[in-house]
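Reading through the structure tokens given below for one structure.
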Amino acid sequence: MPGINTKNKIDMTEGPVFSKLLAFSIPLIFSSLLQLLFNAADVVVVGRFAGDNSLAAVGSTGSLINLLVNLFLGLSIGTNVVVARFFGARKMQDLHRAIHTAMLLSVFSGITLTLFGVFSAHGILVLMQAPPAVLELAALYLRIYFGGITATMIYNFGSAILRAKGDTRRPLYILFIAGVINLLLNLFFVIVLKMDVAGVALATVISQCFSAFMVVLLLCLEKDDFHLDLRKLCMDWPIFAQIVKIGLPAGFQGIMFSFSNVIIQSSINSFGPVMIAGNSAACNLEGFIYTSMNGFSQGALTFCSQNLGANKIDRIKKTVWIAQFSIIVIGASLSAVFLLFGRQLLGIYTTSPDVIEAGMSRLWVIFTTYYLCGMMDGMSNSIRGIGHSLMPVITSLLGACVFRIIWLATVFQIPSLHTPFIIFLSYPISWILTFLANIVGYSIYIKRLEK
């Protein structure tokens, strides 16, 4: 096709759906796993070489980081949808403008996050009831992390643009190298320089700066309509509006999930440092399965967007159900393996038997139902891919955020039920409720497209 480098693209509007979805999703899964290893390396290194308080400090910041970052990562999802739609419709001038608008938006997003995160970290951690033993360590980690968050935004927006044409391999190569850099710097800063949580935060920032530089370099070296010219960075307001229309609701959906997780983290914090550390280690293990399922969820998003641009509704329907089947298989299979070897895997993060048992108390609830979370996200992204981003936000608000808050305010407050198990149980129930609501919404929207 003229104007497009066929070497690094997947035309999702033609040919077999499953094999192309697999070719798209597998590199994306490995990319997400490598990105997850940034945080996992932080947790392992501080847990092994700096102690349980440092482990709890780094681990307890995850839900807060997600809360602050997800709004802007939603805009990168909007970028992926809009660019993929222009690509599917072969509107190359609009595609060119969308790329330059998105990359400028990534810089503004990063600066905004830096200013807010650096100055509000301590106050928010106090509101989250972070124990005094980990409060200052967690605040230091967050300030350094958000000091370099612009690089994270640039990488995520840039990789979203590459994914829009099916290029998930080159971001994988970038993250592999960045992951090695992150791990080596973690070991050097913590073991050799004794920098504790500051060292792992600085290692993450440096590795993310490398990722951002490389993804920008790739786009600048593109010879087709995906070429980025830094001199032409500008805000095309009509395209910006399209990105915001899709991305802002997606970001708010992520915020709502993260907000409910912050409230849950606050409840976990009330059980002390051992439960905080065990919960943090368990969350890191969950991340590996989530990103595996999320690769197919992101695949559904991009495939649906390209085929919407090409007006191929039957391929959209086929994509959605193939993605759901893939999510169930990979989610259930990996959960079973991780649960079977749960204690050994948690032992990577800590040598404390009490922390390991605390982590297992979460894994028994989550890993027996985790495929439901993948199905929920897959359906949300499918709806978003066909141009409807508000409806998944509403279902997430009611099915996840509101439900979990009510659960913690009522069921969890019953003295005999005031246990971590009851907190963890809110997750699978909320996943089921949100997925069923999304199924109804998807059915309505796809019938409208068919007409």
Side-chain angles (χ1 to χ4, degrees), residues 34-66 68-69 110 113-126 128 130-155 174-214 265 269 273-274 276-281 283-285 287 346-352 355:
L34 285 172
Q35 210 163 19
L36 184 64
L37 282 172
F38 288 167
N39 189 49
D42 295 349
V43 174
V44 170
V45 171
V46 295
R48 286 284 186 173
F49 301 104
D52 287 346
N53 281 342
S54 296
L55 171 62
V58 173
S60 65
T61 61
S63 57
L64 178 56
I65 289 172
N66 290 336
L68 297 179
V69 169
L113 274 171
T114 293
L115 293 175
F116 185 82
V118 168
F119 292 107
S120 67
H122 189 277
I124 295 177
L125 286 169
V126 171
M128 289 177 63
V134 303
L135 176 60
E136 294 304 324
L137 289 172
L140 176 61
Y141 179 84
L142 283 175
R143 291 191 184 103
I144 297 174
Y145 184 94
F146 279 105
I149 200 69
T150 300
T152 304
M153 292 296 105
I154 291 173
Y155 171 78
I174 291 173
L175 282 178
F176 176 78
I177 300 173
V180 173
I181 293 173
N182 185 65
L183 177 59
L184 294 176
L185 289 178
N186 271 332
L187 297 172
F188 178 70
F189 289 151
V190 175
I191 299 176
V192 179
L193 299 185
K194 308 295 183 183
M195 293 177 64
D196 205 290
V197 298
V200 293
L202 184 59
T204 298
V205 168
I206 293 173
S207 62
Q208 290 285 46
C209 287
F210 169 81
S211 300
F213 171 78
M214 290 304 299
Q265 182 67 53
N269 289 349
V274 170
I276 294 174
N279 184 73
S280 299
C283 286
N284 269 270
L285 290 181
L346 289 170
I348 297 173
Y349 297 90
T350 178
T351 57
S352 169
V355 172

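In this text, all values refer to a predicted model and were calculated from it rather than measured experimentally.
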Problem set entry | Separation between CG of L285 and OG of S280, rounded to the nearest 0.5 Å | 11.5 Å
Exercise. If we only count heavy atoms from C-beta on, is the V355 to Y349 side-chain gap below 4.5 Å?
Worked result: no
Exercise. Is there a donor-acceptor pair under 3.5 Å between the side chain of T350 and the backbone N or O of L346?
Worked result: no
Seminar exercise, completed: Output for pair (N186 CG, L202 CG), nearest 0.5 Å, gives 9.5 Å
Problem set entry | Gap between atom CG of L142 and atom CZ of F146 - 0.5 Å precision | 6.0 Å
Exercise. Roughly how far, to the nearest 0.5 Å, is SG of C209 from CE of M214?
Worked result: 14.0 Å
Exercise. What are the two closest heavy atoms between T150 and G110, and how far apart are they?
Worked result: OG1-C, 3.2 Å
For this session: Using a 4.5 Å cut-off on heavy atoms from C-beta on, say whether the side chain of F189 contacts that of V200.
Result: no
Problem set entry | F210, CZ atom: more than 12 neighbouring heavy atoms under 6.0 Å | yes
Exercise. Taking C-beta and beyond as the side chain, do F213 and I154 meet within less than 4.5 Å on heavy atoms?
Worked result: no
Exercise. Out of curiosity, T152 OG1 to I149 CD1, how far, rounded to the nearest 0.5 Å?
Worked result: 4.0 Å
Problem set entry | For G148 against V205, the heavy-atom pair lying closest together | CA-CG1, 3.8 Å
Exercise. If we only count heavy atoms from C-beta on, is the V134 to Y141 side-chain gap below 4.5 Å?
Worked result: no
For this session: Measure the shortest side-chain to side-chain distance between V126 and H122 over non-hydrogen atoms and say whether it is less than 4.5 angstrom.
Result: yes
For this session: Would you mind reporting whether L137 and D196 have side-chain heavy atoms less than 4.5 Å apart?
Result: yes
Exercise. CD1 of I181 to OG1 of T204: how many Å apart, nearest 0.5 Å?
Worked result: 12.0 Å
Problem set entry | Residue pair A178 / S211: nearest heavy atoms and the distance that separates them | CB-OG, 3.2 Å
Problem set entry | Pair V69-M153, side-chain contact (heavy atoms from CB on, under 4.5 Å): steps then yes or no | CA-CA 9 Å; V69 169; M153 292 296 105; 3.6 Å; yes
Seminar exercise, completed: Shortest non-hydrogen pair, A151 vs A212, comes out as O-CB, 3.3 Å
